[in-house]
2 protein chains.
Amino acid sequence: MDSIQRLGSLVQAQFDAYNWKIEPKRLYAPIDYFLQLGGKRMRPILTLMSTELFNAKAEIAIPAAMSVELFHNFSLIHDDIMDDAPLRRKKKTVHEKWDLNTAILSGDVLLIKAYQELAKQNTKHVPELLHLFNQTSVEVCEGQQMDMDFEKRKNVSISEYIEMIRLKTSVLLGCALEMGAIISDANEKDRKKIYSFGQDLGIAFQIKDDLLDLYGDPEKFGKQIGGDVIANKKTLLYLLAKENATPEVLKKIAKLEKIKSKKVKVREFQLLFMQLNVPKMAQTYMDQYAANAMYALESIQVKQENKTALIELSAYLMQREN
Amino acid sequence: MDSIQRLGSLVQAQFDAYNWKIEPKRLYAPIDYFLQLGGKRMRPILTLMSTELFNAKAEIAIPAAMSVELFHNFSLIHDDIMDDAPLRRKKKTVHEKWDLNTAILSGDVLLIKAYQELAKQNTKHVPELLHLFNQTSVEVCEGQQMDMDFEKRKNVSISEYIEMIRLKTSVLLGCALEMGAIISDANEKDRKKIYSFGQDLGIAFQIKDDLLDLYGDPEKFGKQIGGDVIANKKTLLYLLAKENATPEVLKKIAKLEKIKSKKVKVREFQLLFMQLNVPKMAQTYMDQYAANAMYALESIQVKQENKTALIELSAYLMQREN
């Protein structure tokens, strides 16, 4: 796990070096606040790991790494508005701490700042990086739209759900990794492979999120357990349950959805999904995507030792408890 | 005025060629709707005029021209939310016709689409275009923030106001023009000059807007006359009035601000500002910025005939009645 810490420190040093104490204060203070809430910084670390994978120095990819992380934070600020979320990492969201307009405009400028970071890369790589970043950013917005559309729909298929999380979450991991490959002048084939690795890892990562949300250890998870079922969200667990439910079980699900007590509701869903073997099925989905990711990584033609960091990071993400 | 029509048609053809009938519908339909509301398309026309000014074919700058126009429309969609505006060009704004979340996310993806257009330019120009576009976009957000900050402040100086409109409106005109210069490989000096031309023209343009808002011909203006004073906005006219007011006149202004009848309020402010010679003073400001713009244009070392289109467009913008 040395690489995670070493590259994480590189990323943190960049965050520390930012100066957001600039005018207009009301535009930049919320960005400063939000970035200080922290997070795993998984995306920029992936960019730097990918750069090292292809035998270049991590340092040359720092602007691209930061652009992905700034983009991610922009999307969180705006998603929090759309989801009407009061808290993010146990602290107030931007629209709660300030107001709606502040959250919109600070988010906008943060998105532009992501592009500004990208533009700091070596000129010869900028057009390709920009193309990838644009494509990815559009897809993330499409994923967010699908997520919101699903809330209003009665039936969502598992393949639609996987496509939604692919767009909303996974393509950005693929992008983070491919950026490192572009910057270290990897060949086209390897670029596509590392992108695939990230995309499949991202889907597995999101399924892990769905699992942790309902079955995580409350001591370690850091968030309320069962937030998804409390909000009647159509997660993979929920869709698997519905797909494997008899008419009687469907009725039971409909009944559970109306339970007022959060504690009871969560407990009942935990039990029902267990009876339906849902966690096991979700785990199988997750393992399959994680295996696909590993397969893509294995097929990349670089020294085996270069892959250690990414293999370890993947294992950590699949075994994490928060 | 041939150039305006000819280049305007080029821009319109691009808009007609877009296909926004794509999935997710709820993300793209609002963009399709908003872009069809029209507008002067002044910004993309400026990019194309600047490209011709420096002896290149307008066609090669179409992606950059579109990127500026898409950015402008993104900023309008989000500004309409922040200003709580129900109408834009006599039609419902996006957040009114759909909802808040739709307006946020459609705006976000439109901003990214602007970058996607930019990335279509010749690779050799992309890094410089991106740098300019980023810088400008950040400034536009800063201008919007200043505008919102001013609403809550009691005192705003005229120079602060000019700086706000420079950021919120003018830098994008400068950017539109400089992009044309970059694409036609103009030299650094001329690039800066055409940017200055656009920036000063933009300030003059905004002052014209302030004047038209209160003194435009209701038949020709197309919007309600006096919208700014009805909303007690701190326009140049208002700030000039306050700066030149005796204590008694200041009291009168405070009184007028509280008038409930829109019609009476507008009439009273029209009269008071006339008595204080405000329209004349604002006109002097406008003429000064327009003259600075012309001076910058004159100093550019290209054939005089190349400048005709921009000179005519400037004259049109200063004399327009809507």
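All values reported here derive from a predicted model rather than from experimental measurement. Every chain is numbered from 1, with letters handed out A, B, ... down the list of sequences.
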* Asked: Taking A:D83, A:I81, A:I104 one by one, which has the highest count of heavy-atom pairs under 4.5 Å against chain B?
  -> A:I104
* Asked: From B:M148 CE over to A:T102 OG1, what is the distance, rounded to the nearest 0.5 angstrom?
  -> 6.0 Å
* Asked: Which heavy atom of A:P24 sits nearest a heavy atom of B:Q145, and at what distance?
  -> CB-CG, 3.7 Å
* chain B contact via A:L111 - side chain, backbone, both or neither, heavy atoms under 4.5 Å -> side chain
* A:L100 portion near chain B, given a 4.5 angstrom heavy-atom threshold -> side chain
* Say you draw a straight line from CG of B:L105 to CE of A:M82; how long is it, rounded to the nearest 0.5 Å? -> 4.5 Å
* Asked: Should the heavy atoms of other residues, nucleotides or ligands under 6.0 Å from NZ of B:K92 be counted, would the total exceed 12?
  -> no
* With only heavy atoms counted, which part of B:F133 is less than 4.5 Å from chain A, the side chain, the backbone, both or neither? -> neither
* To do: Side chain from CB out, backbone as N, CA, C, O: work out which of these in A:L130 comes under 4.5 Å of a heavy atom of chain B, or both, or neither.
  => side chain
* Asked: So which part of A:F74 gets closer than 4.5 Å to some heavy atom of chain B, the side chain, the backbone, both or neither?
  -> side chain
* Asked: What is the distance from atom CE of A:M146 to atom CG of B:L27, rounded to the nearest 0.5 Å?
  -> 11.5 Å
* Indicate the atoms forming the closest heavy-atom contact of A:E23 with B:E142, along with that distance. => O-OE2, 4.0 Å
* NZ (B:K91) with more than 12 external heavy atoms under 6.0 Å -> no
* Structure fact -> Rounded to the nearest 0.5 Å, the SG atom of B:C141 sits from the CG atom of A:L110 at a distance of 10.5 Å
* Is it the side chain or the backbone of A:Q135 that comes within 4.5 Å of chain B heavy atoms, both, or neither? -> both
* Sort out for me which of A:K124, A:R26, A:H131 touches chain B most, counting heavy-atom pairs under 4.5 Å. => A:R26
* Is there side-chain contact between A:D108 and B:D108, with at least one heavy-atom pair below 4.5 Å? -> yes
* Does A:Y115 reach the side chain of B:V138, with side-chain heavy atoms less than 4.5 Å apart? -> no
